[in-house]
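All figures in this text were calculated on a predicted structure; none of them were measured in a lab.
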Amino acid sequence: MLQIKDKNKQVELISQALTNYLYTYGPINNIFQKYNISLTDQINFTKHISNRIAGLLMLYLTSNYNR
């Protein structure tokens, strides 16, 4: 059985893939263009979303359903 430590890489990969799937090719691009959001801000936004998804996945892996 894998330890949580070993799953960290998988969580990171999954969260990045989900973020790309949800935000890169969706309506978020229209919002970025409409409001002239800089590339730096777009990257920061994507990192933030990826970290939030990773946090949810880690809570799931540790069976911490209350949080």
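Atom CD in Glu12 sits 8.5 Å away from atom CG in Asn51 (nearest 0.5 Å). From Leu18, atom CG reaches atom OG of Ser50 across 8.5 Å, with rounding to the nearest 0.5 Å. Atom-to-atom distance recorded for Leu22:CG and Thr46:OG1 is 11.0 Å, nearest 0.5 angstrom. Interatomic distance, Ile49 CD1 to Gln16 CD, rounded to the nearest 0.5 Å: 13.5 Å. One distance of note links CG of Leu13 with CD of Gln10; it measures 8.0 Å at 0.5 Å rounding.
Shown here for Ile37 and Ile31, the closest heavy-atom pair between the two residues is CD1-O, 4.2 Å.
Under the 4.5 Å side-chain contact rule for hydrophobic residues, Phe32 and Tyr21 share a cluster.
Listed for the Thr19 side chain is a donor-acceptor partner under 3.5 Å among the backbone atoms of Ser15.
A heavy-atom distance below 4.5 Å is found between the side chains of Lys47 and Ile43.
For residues 35-45, every residue pair satisfying the side chain to side chain donor-acceptor pair (under 3.5 Å) rule, not counting sequence neighbours, is listed here: Ser38-Asp41.
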